[in-house]
Structure formats: C-alpha cells, structure tokens
Amino acid sequence: MDKELLIPTSFADDRVDGVDKVTGKATYAAEHQLANMVYAVFVCSTIAKGSIKNMILADAKRAAGVLDIIYYANCPAVPGYNPYAKDPNKKGYEWRGLKVFNDNKVYSNGQPIAMVIADTMERAVHAASLVKAEYVKEESDTDFENAKADEKKLKKPGEYKRGDTDAYKKGEVSLEEEYTIPSETHNPMELHATIAAWDGDDKLTVYDKSQGPKGTQRELAQCFGLDEKNVRVVVEYVGGAFGSGLRSWPHVPAAVIAAKKVKRPVKLIVTREQMFTTVGYRPHAWQKIGISAGKDGKLTGITHHAVSITSRYEDFGEGIVNVSQFLYDCPNVNTSYRLLPLDVNTPTWMRGPGPATGCFALESALDELSYKLNIDPIELRVINHAVLHPISKLPWSTKFLKECYVLGKEKIGWQNRPTVPGSVTEDGMLVGYGMAGGVFGAGRGQASAKGILKADGTLTLQSAVSDMGPGTSTAMVTMGAQFMELPANKISFELGDTDLPNGPTQGGSGTTSAIGTAINVVCTALKQTLKEMAIANVPAFANLKPEALKYEQGIISVTDNVSINISYTDILKAANKPEIEVVKDSGRATAEAQKYAMNSFSVHFVKLHVHPVTGVIKLKQIVSAADAGKIISENTARSQMVGGAVGGIGMALTEEVNIDNRYGRYTNANFGDYHVPVNADAPPMDVVFVNKADIIISPTGAKGIGEIALVGVAPAIANAVYNATGKRIRNLPITPDKLI
Amino acid sequence: MINFDYIRTSTAKAAVEAKAKSASSQFIAGGTNLVDLMKKGVTSPEKLIDINSLPLKQITADAKGVLIGALALNSEVAENAIIKTKYPLLAQAINAGASAQLRNMATVGGNMMQRTRCSYFYDITMPCNKREPGSGCGALQGQNRMHAVFGTSEKCIAVHPSDMCVALAALDATVHITGAKGDRKILFTDFHRLPGDTPELDNNLSTGPGGQKGELITGIHIPANSFTKFHYLKIRDRSSYAFALVSVAVALEISGNTITNAKLAMGGVAHKPWRLSAVEKFVTGKTATKETFAAAANMAMEGAAGFGQNNFKIKMGKAAVAEALLQASQKI
C-alpha cells in the first residue's frame, strides 16, 4: 500500500502512536524477544479449597524441552513473602496478593500451583498439561447468594451516617429495593504477560503489562529485596487493562522466580482462561437501597447497604455506597458496606470501581422514585442538585452537571420519551428512553516529568507512566505543544520505562492532570532557563533581567522592544548547548482539596427498542454528556467515552462470570461464553463535553474521563428498559430471559 | 506435544479407507471446532485426515432440489445465488451463526459434526458423560441455562449448537454419506441423535467396530420447495457470536390467508435440531392469525422440561415459535 495513504500527514487530532499500533510495530509485553529466553506456563488448581498432598511430575519432567518445574516444595525463598518470620512484631512491606508457590494451600479454583519452564512455549504448554496434583479437599463456599445475608460471615469495613438513620421509612414517597451485579472480568484483548531477566543476583529487568511501571518496580524491589534502582520495568504499550494492571498478580513474581531458578530470561503469558482465575475482576455485589422524597421531589432519606465478595487471603473493598453520600443533596443518609470472603481469587478495581456498582443501584432507585413522584427523572435530579458537597460542605472546584443534563437531553430527543412505560412502539418494537448520572473523584496526583529541549528544535517529554489505551502520549504531546507554544510535530512523549522520571500509576482518571501539570511546570522552567541563557549568551540581551523578557511561540524577546528577539534554537546554539533539560513535579492538590470538593461528572442517555414478545433488546442510541474539565485531545477523549459506554453495555446486558458452586469453578472462562459486547451490540454513540477548564485542580484544566465514561451507563440502560417495558430489572445483566 | 499423524487425501474413497484403518482418527475440514477440542484436551485423535482437497465444494441445483457439497464453506452457501433465492431460510440461519470469520472457515459437513458447547464437556476437570462416559452429567444440577428442554436423558442435557442444522431439519434435507461399504443417505432429521444412554454419540454415522467405520458426509440435498414465506428467529445473549437460547426455523406456504404447507424446527432446545411435526400438521389448513400461532406455540413446547436455570426456555420457546410464525407469514 502507498505509504502516503497509510500515514496521515498531520497528527494534530490523531493518536501519536496510532500508526505503530495498527501496523503491528508497537511492541506489547509478551512480544519482546530476549536472547536465550525460555517459557513458563502455569498449572492451575482444579479444586477450590484444600491443600496439595502430592504433585505428580514424572511425565512432565520427561517431556521434551522441560528445564524445570517449580511448585511450593522447591520454590526459592521470596523475601517479601515472609519478611517478618523471625520478628513477627515488625511491620512493613509484605507481598499483599496470593503468595504464589509459597505453600501447599489452595484458596480458589484455578489458582496457580505449579509452573513448567521449557525451551519453547508449546513444549511448556504441553508439559504443564501433564502435571497432576493430589489434593486433600475441603468443602468450599463460593455461593454469594447463600452467604451474603449471614452476618457472621461478613467483614465490616465501613459505616456512614448523617441526620436520621433510615429516614426513608418515614418519607412521603419511598421505596426499598435490592440490586445485584455478577462478577465481571476486565479481559482486555492483550493477555497479561511478564518477561523477567536477571543480571547477576541483584539486578532485574521486567517487561510487563502494567498500568504503573513505577508501582511494579516498587512491588518487585520490595518482594525480592532489591534496590529500586536495580529493578527496571518496561511497559512500552498496553493493549487495554481497565484496572487489571493496577497491581501485580501472581504471574509477575512467578516469572521473576522462574528466571532466577533457571538463570535465563523467562516469559510467562497468562492464558485467557487463567485471566479469569489469576487476575482480578469487578466483585459480585448485592445492594439494598431505601430512598424517599417529599411530593415536591426533595429527597428526605437515603439508606444504602452493600456487600461484595473478596478472597480468603486478601480483603478487597471499593466505594460502592459512597455515591449515595454525596451525589445528591439529602439531609438524612446512612450507608454500610461489608465484605464477604469466599473461596475465590481476589477481585480488584475495574473501570469506575465503586461508583459503577453503586450508581447502578442509586440511579435505578432514583428513576423508580421519579415514576412514583410523577416527576421527570432529569427534573428530579435537578431538584436534588448538590451545590455544596453534602459531607464536607465545600464548594466543588467546578461542577457542570446541570449543563450535562441540558446537552444530553437535547441530543437524545428526550421529549420523545414515553411518560407511560410500554406505551410507544416503533416498527413493532417497544421504545424506551432512560438516563442516569455518573461520578468519579478528580484531583491532581504526584508525577514527575522531564523535558529535553534540543537545538534541533524538538522537545522530548518523559515520564514513567504507561498508556493502557486512553491516548496518554497524544494528550501529553498536545499539552506540551500548548504549554511550549510549539507545533505538535516538534514534540514527542516517552513513557513506559522506570528509567524515566517518576510517573503515576495510570488509574482513577488521574493521569492527564498529574503528568500534564508536571509538563506545565517543566515548560515554565524551560522558558525561564531560555531567558537566563539568552541574557548570559546573547549580547543583545546582556544585563537584562529575566522578568523584562517574554516567551512567545519559541521566541524570546524584550517585552518593551520586541524587535530584540531570538528563537529558542538560536539561544541553544549561542550557548553552544545541544540540549537543555529540566525535571519537575506536579505536586499534589492537597491544599486545594482543603477548600474544594473535586469530581468529574457524566450523564448518560439511552434510547432502545425491546421486542415485545422475545425480550430482545436493541440499543438505538447512546448519548454521553460529560463534565470532565477541559478536553485536551478531542478524538482520544471521545474514544474513551465511547469505550466506556461499550463497557457499560456489557455490564448492563451481557457480561457475567458464571460459577458452579459445587466445584467453586468458573464455567464460562473464555471469550466464547463470557459475553463481551460485539460491534453489533453498540448503537450510534454521541459524546458531548461541557469542556470547561477546572484550573483549581490543575493548570491543564482537565479533570478525568476514564471512569465517568462507564459509571452510569448500566442504570441508564436499565432505566430505558423499564421505560420501554414497565419491567424493572434489578439484577444484571439484563438478558432476554428476564424480559419475557 | 501430543503427537498425531496428519495426512491429506484427495478422494472420498481414500479418506474413508484411511479412517477405517485408525480407530481414533478424525476428518478435519475447517477445524473451527476440532482444533479447539484438541487444544482443550477434550479429544486427542491419533491421526487427522485433511479432506479439504476433496471435490466436495460444489453447489448444484436442478428441478428436484439443490445438492450442497459437504466442503462448501458456510459463508459460500449463505452467499450463493441459488440458496439466497430458492432456500433463503438456510442462508438466514447460517448468517445467524458464529461470526463472519468462523463462517469463512467452517464447512457444511463440519457444521453438522460440531460438538456441543456445554461447558462441562469442554472442561476436562468436570464430569461429562459425553466426553467421558460414566463420569456423570455436570450440567444436570449445575450451570444449565443453555441446556436442553426436549429429549434429554439423565446422562446428558446438552444441546446441538448449530443454526444451519435447524434450517436443514425444517427443509426436509437428506444427508449423503459414503463409507467403506459404499454410499447411503439419511434423512437430516435422523442424522443427529438424542443422548439416551449413549450421549458420547452425537449422530448416526457408523463408528464401528462391527459397522461401517469411517463414514464421511459428502453432501446435503434439499428438495425443491415452493415456500415463499420463511423466517429464522434466533434469541441470544448478544447480537453476534453467541449460541441460541432458543431459535426457530419456519417455512410456510399461504394461500389467501390459509396455511397450506408448513415446516418448523427449533434450535437450542435439544441434543439435535428439534423438528415440530405435530405443529406443522396443526397449522396446515388453518388461517394465519395470531391465535393460530399462539396455539401452535403452546403445542410446540408441550412436553418440554427444564432443569432450573433453563426453565425460561419453555416460555421463551413459545414466544419464539409464535413470533417466527408471525414474521414468516408477513414476509412479502
């Protein structure tokens, strides 16, 4: 193909790494090839609880190409597994996840219990299939429905209360309902994978699929007792993660252990099936909401309880009920949240963690209340709009939630919404409209960035973050161009390597504001350095003070006499410097957070059809309106919103991890049976941004997009299903059988 | 590695001879299901006999009907001009199945030979009488939302996953088979089996030892028909690449407003495509009204029994039959 056709001439609106990604040039974790590399493959447990009596390894050991088989009995000691064995009173770092191969205990079905290392991937896969285990089986419990009501089994992480407890019970108009979501897996296209290579006993290089190279570096340094500077983690590209890469799962230390034992670089790829049992997931959750309002629609009470699952070896909780505490103005709110440990692997943050689950219940309940009140659901939300944060009583740094209602309402054609559910048909299909809100925390985290300005006119920006798909590099190049007032094609952004300045873990919708701020500070410092260099090296500027100079579009000039000017490249040449570099921090928004509440907001609108006889749902349109601060990169921002909405479609309609409780084993751990939405499930999608800068949070003006793109989509769909059919589905996913 | 032999044959005779020599050998065409089964350890044939070079790709029509070669690709059949104009029900059913990529690889014969997608069949750590006779049925009291409501046995409640086969069952197709002892024909509706006490057998191809080992499907014949009204309705959990919760193939002839001829079969409800002969008799001669269709739908699901999670299929089956009849009757 003609190269001209393939590569756009202008990158102004395109992903800077887009061509590399679509042409296969981008190298993902498992694609790195190291000399002398061998392959490790997990063997996973076939029971959910018990211990291993005996590992039967003879056949596997005899298999061609096998170098070693590692399991609990021969696994080298991992310092971070039992750091305080000698001094149990000491506190500090201890590996917090499953300590893979540490002992013979089985905590969940599909847990890695051994690892075969062979000279080729295929031989390792085959040999792994020959490893068998004899177990002492114990009775397992994975039955959430059964156990969730048993107080004795629940752990109690949190209670919250303001005003009266259970005020909804005395409300003029009220309801009390229960909501459940199944466990959902992230299952990005790219499988989790780690390549580990030791250099001597104290230096380690790791290629990993991680949302935070620095976080992985820290975890591995502590786990293996190494200096952080001796652990290099490389994450050049990430093929989606949605939260699964926010921490290291058992395969990461396993690859390091394997490489240590066989003294060669080792590649370990988690299989699709193992993605279900070794990498986390959004936890199965039950919620109960009681909510009440006066006849005027003013909320008088919200009670929100939630229980979600965790593993036996680790507590994972998330802010499921928090949304009820602050999303709307309500004087009486009480919430509780409990964890239910079961014989399963540990869940984790998945896109919109906490609010995605919580908003399904709260926004469904509000919708239901709107019908009882006979008030339009948007109007009901406007009536209860919180001007000050209901907990802290602080104003928001910015809050353009009402603008989202207006923008989305018009785009979806809200005036066509049937006021009586199930009363309108189009082409024989029932028509429904629904909406729901989403929210997530915003802020400015700690990040460092380096800027290298070169005499050839280019600016290289660096930070040790990874880009799991939102378009971080594109946003950073765009901001670099804005802050340095240079064309985008002069700017490049380097990421994904712990040798670069300290970047944050990419999560919680915080990357753009954190690194963007560091880049802003870097650019300000570079401009100041250029002024000082002009004064020191260019005769026309001699004896002037930096304050008397200005920087505009790469030109330093005297503010009072712009005819005295010089370009930044000429300054570098005059100073005889090939390049100058600065490293700067973003600084956390700690002081700002004392004065302001900070959140991003979204409102999702859905139009859908439901077949009146078969219950088949056909989405017709989704409009997502977002208050995400200033939009840095229109295209990538839009793509994030669309991707989040597709995730919301999965949550609402198709995705569900199934488990056979008799065996504690997943029964749909593959892409055929675990239904991620397909293109045909996604309707035309519109994204509208309020696009107003929040300069309190950061000089970038950006808040965050990743989470609010998904939070609220599922209840918007469920609310539209009710509007179409009069059926209120409170347990996801809404499959056709629930509507017939 | 689990080693296996691989041979290519260019004639049906050579293929069946090769198969007769090796008890655990298997034919491979598109491989869209067999390769998965081998990777998962569900099946480990000692020999694969590649039949892709056999001259069985043709689709030929005459006054009596159409003969589709067993190696015609699913996508080729669905796009074939004769099929689209004379047997559109088949095209519609094929396009409702799998994904475009799979349809481009999968053959007609392979589609018929695909195994159930029951998760207990695929997970070799679980009990499954179909995979390992005598080990028990995991689905009976387990995850059985996708499972059968007709023709089940205590040994197996799996369903046949094909969409194409549902249309072929409705259209009175015949399966052309060749074997070591020569050629024979089986009615399509007699090709697949109910599980009974031998759920390991999906169909009535001879497997020996005393019988005619190594039989090969060579083609499918569909008799000419004068159906003008047809519909394939598939209800599934997502819009593509999902197996049917319930599906219905309907072909009707309507004169005035009277149904003069009807063919119906269901998918997702049994171990084989489930032909609704009694319903066909019932609707023939009746007027094409919603009342007729509702009564037909009730009759269609008579005798259906669920196993817990799949109880909904009885109600959904009724809805699907009534809706498919309605859609077919309204086709212009």
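It should be emphasised that the depicted structure is a prediction, and the values quoted were computed from it without experimental measurement. A note on names: the letters A, B, ... follow the listed sequences, proteins ahead of strands, and every chain is numbered from 1.
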Is the closest basic N to carboxylate O distance between [X] and [Y] below 4.0 Å?
X: R665(A); Y: D123(B); result: yes
X: R145(B); Y: D737(A); result: yes
X: K40(B); Y: E273(A); result: yes

At a 4.5 Å cut-off on heavy atoms, which part of [X] comes close to chain B: side chain, backbone, both, or neither?
X: R662(A); answer: side chain
X: V613(A); answer: both
X: S129(A); answer: neither
X: I47(A); answer: neither

At a heavy-atom distance under 4.5 Å, which candidate from A320(B), G41(B), G138(B), A322(B) has the highest pair count against chain A?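 Going by pairs under 4.5 Å, I would pick G138(B).
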Distance, nearest 0.5 Å, that separates [atom1] of [X] from [atom2] of [Y]:
X: S239(B); Y: L653(A); atom1: OG; atom2: CG; answer: 9.0 Å
X: N658(A); Y: M146(B); atom1: CG; atom2: CE; answer: 10.5 Å
X: S240(B); Y: H675(A); atom1: OG; atom2: NE2; answer: 10.5 Å
X: T271(A); Y: K39(B); atom1: OG1; atom2: NZ; answer: 11.5 Å

[X], [atom1] atom: more than 12 neighbouring heavy atoms under 6.0 Å:
X: K137(A); atom1: NZ; answer: no
X: N679(A); atom1: CG; answer: no
X: E138(A); atom1: CD; answer: yes
X: F671(A); atom1: CZ; answer: yes
X: E145(A); atom1: CD; answer: yes
X: E154(B); atom1: CD; answer: no

For Y674(A), what residues pass the ring pair (Phe, Tyr, Trp, His ring centres under 6.0 Å) criterion, not counting sequence neighbours?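 If we apply the ring pair (Phe, Tyr, Trp, His ring centres under 6.0 Å) test to Y674(A), skipping adjacent residues, the hits are F276(A).
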Are any non-hydrogen side-chain atoms of P677(A) and R238(B) less than 4.5 angstrom apart?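 They are not in side-chain contact.
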Any heavy-atom pair between the side chains of L245(B) and P736(A) that's under 4.5 Å?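 Heavy-atom side-chain distance check passes, below 4.5 Å.
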Chain B: which of [options] shares the most heavy-atom pairs with it under 4.5 Å?
options: L130(A), N661(A), I659(A); value: I659(A)
options: T46(A), V616(A), T614(A), V125(A); value: T614(A)
options: H126(A), E122(A), K618(A), R123(A); value: H126(A)

Checking [X] against chain A: side chain, backbone, both or neither under 4.5 Å from a heavy atom?
X: M126(B); result: side chain
X: T125(B); result: side chain
X: I124(B); result: neither

In this structure, which one of K315(B), K318(B), K313(B) forms a side-chain contact (heavy atoms from CB on, under 4.5 Å) with I740(A)?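 Going through K315(B), K318(B), K313(B) one by one, the side-chain contact (heavy atoms from CB on, under 4.5 Å) with I740(A) is satisfied by K315(B) alone.
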Check the side chains of T654(A) and D237(B) for a donor-acceptor pair under 3.5 angstrom, ignoring hydrogens and angles.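 Side-chain D/A pair, D237(B) to T654(A): absent.
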Regarding Y122(B) and N670(A), is there a side-chain donor-to-acceptor distance under 3.5 Å anywhere?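 Short answer, no.
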If every non-hydrogen atom of G672(A) is compared with every non-hydrogen atom of Y241(B), which pair is closest and at what distance?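 Minimum heavy-atom separation between G672(A) and Y241(B): CA-OH, 3.7 Å.
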For chain A, which residues of residues 292-312 of chain B have heavy atoms nearer than 4.5 angstrom: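 Within residues 292-312 of chain B, the residues that come under 4.5 Å of chain A (heavy atoms only) are F312(B).
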